[in-house]
There are 2 protein chains.
Amino acid sequence: MNAPSGQPRPARGARQESLRELNLELVFRHVLAAERSISRTELAAATGLTRPTITRIVEELIAGRLVTETGSARDGRAGRPRVGLTPSRSGPAGLGLDIRTDGLAACVVDLQGTVRHLAFAPIDLEGPDAPALLNHLARMACEAVEAVAAEGLTVIAATLAVPGAVDRGVVRSAPVLGWRDVDAGALLRAATSELGLPINVDNEANLAAHGELHAAGQNQADFLYVSGGLDIGAGMILDGRLMRGSRGWSGELGHFTVDPDGKPCPCGARGCLQTYASLHAILDGQTVPAGTTPDAAAIAWADEGRPATLASIDTAATALGIAVSGALNLLDIDTVLLGGSFALLSSWMTAKVKSEVDQRVLSSSWAPITIRPATLGPDAAAIGAALTFIDRLREHPTSWLAHG
Amino acid sequence: MNAPSGQPRPARGARQESLRELNLELVFRHVLAAERSISRTELAAATGLTRPTITRIVEELIAGRLVTETGSARDGRAGRPRVGLTPSRSGPAGLGLDIRTDGLAACVVDLQGTVRHLAFAPIDLEGPDAPALLNHLARMACEAVEAVAAEGLTVIAATLAVPGAVDRGVVRSAPVLGWRDVDAGALLRAATSELGLPINVDNEANLAAHGELHAAGQNQADFLYVSGGLDIGAGMILDGRLMRGSRGWSGELGHFTVDPDGKPCPCGARGCLQTYASLHAILDGQTVPAGTTPDAAAIAWADEGRPATLASIDTAATALGIAVSGALNLLDIDTVLLGGSFALLSSWMTAKVKSEVDQRVLSSSWAPITIRPATLGPDAAAIGAALTFIDRLREHPTSWLAHG
DNA sequence: ATATTTATTTCATGGCTTGACATAACCTCG
DNA sequence: CGAGGTTATGTCAAGCCATGAAATAAATAT
């Protein structure tokens, strides 16, 4: 029932209308943060505003399709029943796009955070070049927008998840895709020009962490999300907010030094986490059966107890524990979510990771650390990408109200 | 000339008077952030507020001794000259206290960030216990408050810097002092009860980083400060703000794993940075001449080219480079400040640290990284501690105005 | 059916910013 | 040296927005 804090205060002066905007944002944030539907009176108590003000603001929010009345809920107590308010299920929505190792994904979520559309297209990354890939994604985006329009949803923003370092829409480096300085934002914007959507591009691990943040609710405001796969990335949630870094290149956990004199890494350094815990390292050169994904193969071999696989998973877990310990020591975080391949292999990895962390993180001796698999599965990044529209709306609901 | 952004928006509803507070804070922040003195009209342009509003707010700020007129500055142009406004040199001030390896320090800074008082008392840490040490500091605090009162300064808050992990005033663990769960905040508050000051306690590296942030000005909003000494700590400045971590235990760089199978560390793990780059490790068991500090000895030996010392400094620099690389990969930071002993030894360390970082940080191949010694010297933490009062005032100037 | 309780809306009041206007202080040019 | 131009700051009526009191609505309890 705590008020969601956050957001930088506007640097411009506050006028009379700013007051109105400020309070509208405040009320909207409370509606979004509420676990269940919330009444006008409860809003008044939570925000400290008076009932008349709340009434006026709620009227505006309903007119703008941001909030819906759920009808009077008779809770058995005496007196006029409260009229419940919830984020609208038929107002603005967000589109998330993801380029995965095994295919392309598109998904749409509404203001309640519910996934209303989810499409997946298997694809071989070796084949198409960047423009072809993004054109395919653009078609999926159009289909998604049409599909949810039938349910009364208006997609207002799209975010693309990419496995690599992204700088203001430009993919600086994505080894898995073989991309280098690809302006994915501009390409995708051109391919979806008919939709006229604002398009953001961000790192896959960052967006997956963002997705997990929404899934975990208010209670989990600080955690490290680690995404396993061909590449290893991390997303940091601190005080309920995603840490992107000043240029958006944060979370390169894959190139943490695990052993200064270890195996050489394509990046030029030695002993990077990547060389011990990427999916390549875990499969250790063994050929994956045709028609099987690398993930599935690793699980199958681990399940049947193949010694080489179990050994390489153990090495990976140890290396991951060392790298994660560094991050926890630095950031004062007490929860780690294992995502991507690490989530699938978590039953073989978690214990080892935890033992390394317990040994190497200074605060672990007086404050316990939790290591657990992520909850959203392979669609985490696409969902997290779609959800970014909520944050944008949370900070500037008036921009939507003006347009809509 | 950019508006300083930041601060969380209050979670309570905005009333009419909130508008007044909001704008007062905004104007005050602009005066603080201005490089030189700024006029009312410039403030109006910068904030977007109208001149009348600025006039009213400035009147209030001057009455509250937060801002002073510097007299009309004739700049040669036609028209009535601007009346310059600067943060007051005789209003509220902040007190910083520091427990160092070589003694105790107390300092007072004013709203302009100028150090107005600085006292140091050499002391042997082996001798006194925690209460005795804090009583000594309390006496220094009283002297400092009296000394600056003569100059018209009113100390409104004190912050204590401690070499260890601090949790809401309680020192959880400070190996250098031999402290464990010492409620330094309460003890110091009791010892300085006559002053009636709010007292904060924070980590030494965090506060030193904070001091360097003020010294560097607006241009350097993201950096990692690494403090060398008997212990190694780090402070992170991201987007112009100190990252304290949710519980205040961030920055434990000293227990970054440099070599998983390396030397055992008192913390229980193996191969911590501490075991390679602490002052103990650099001196490598050689006895320091009586009457000389360990720092001075290390410098002297390095200066005379003693091979053992140069070798251990080289090892320390390599280890430091590895640990710092991890932090930079994780946080997307491009500047590292070497502080404490590392600053004194920087001419022997910087090159080696930089070569490790250039090799191990992924983004270094397309965005250069700067490694340089810190500017404030041994008083960095005390100054940074004293400066925290400005941040508090920046966020809630009205609390002071109400009291004063 | 009436009283009680709780939720929401209506209306006059007051605080704050605004925009227009007035005043002050300096430079420049005849 | 004084009039005119230019720039900076102060003053005043008007409009917008939240407030508090009173009114209305819609349930439950007696």
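Everything quoted here is computed from the prediction, not taken from an experiment. So that the names make sense, note that chain A is the first sequence line, chain B the second, and so on, each numbered from 1.
- Whole-Å rounding puts the Ile57(B) CD1 to dT18(C) P distance at 9 Å.
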Would you give me the side-chain donor-acceptor pairs under 3.5 Å for residues 51-59 of chain B, sequence neighbours excluded?
{"from": "Thr53(B)", "atom 1": "OG1", "to": "Thr50(B)", "atom 2": "OG1", "distance (Å)": "3.1"}
{"from": "Thr55(B)", "atom 1": "OG1", "to": "Arg51(B)", "atom 2": "O", "distance (Å)": "3.1"}
{"from": "Arg56(B)", "atom 1": "NH1", "to": "Glu60(B)", "atom 2": "OE1", "distance (Å)": "3.0"}

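- Atom CG of Leu85(B) and atom P of dA8(D) are 13 Å apart (whole Å).
- We find that CD1 of Ile54(B) is positioned 10 Å from P of dT17(C), with the value rounded to whole Å.
- For Arg40(B), no side-chain nitrogen or oxygen approaches OP1 or OP2 of dA8(D) to under 4.0 Å.
- The phosphate of dT9(C) has OP1 or OP2 within less than 4.0 Å of a side-chain N or O from Thr55(A).
- By the 6.0 Å contact criterion, CD on Glu146(B) is open, its count of non-hydrogen atoms from other residues, nucleotides or ligands being 12 or less.
- If you take CD of Glu60(B) and C1' of dG15(C), they are 13 Å apart, rounded to a whole angstrom.
- With rounding to whole Å, Arg56(A) atom CZ is found 21 Å from dA7(C) atom P.
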For this session: Evaluate side-chain hydrogen bond (donor to acceptor under 3.5 Å, both in side chains) for His210(A) paired with Asp391(A), printing each intermediate quantity in order.
Result: CA-CA 10 Å; His210(A) 186 249; Asp391(A) 299 271; 2.7 Å; yes
Report, one pair per line, the protein and nucleotides 21-26 of chain D atoms (nitrogen or oxygen only) whose separation is under 3.5 Å.
{"from": "dA25(D)", "atom 1": "N3", "to": "Arg80(A)", "atom 2": "NH1", "distance (Å)": "3.4"}

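- Close to dT6(C), at under 4.0 Å from its OP1 or OP2, lies no side-chain N or O of Arg82(A).
- Heavy-atom minimum distance, Met243(B) versus Ser250(B): O-OG, 3.0 Å.
- The separation between Leu49(A) atom CG and dG20(D) atom P is 11 Å, rounded to whole Å.
- Contact check, Asn23(A) against dA18(D): a side-chain N or O comes under 4.0 Å of OP1 or OP2.
- For dC17(D), the OP1/OP2 oxygens have no side-chain nitrogen or oxygen of Thr53(A) closer than 4.0 Å.
- Closest contact between the side chain of Leu19(B) and the listed nucleotides dC17(D), dT9(D), dC16(C) involves dC16(C).
- When the side-chain nitrogen and oxygen atoms of Thr50(B) are compared with OP1 and OP2 of dT18(C), one or more of them lie within a distance under 4.0 Å.
- In this structure, the CG atom of Leu22(B) is 16 Å from the P atom of dC17(D), given to the nearest Å.
- Across the protein-nucleic acid pair, Leu61(B) atom CG and dT9(D) atom P stand 15 Å apart, rounded to whole Å.
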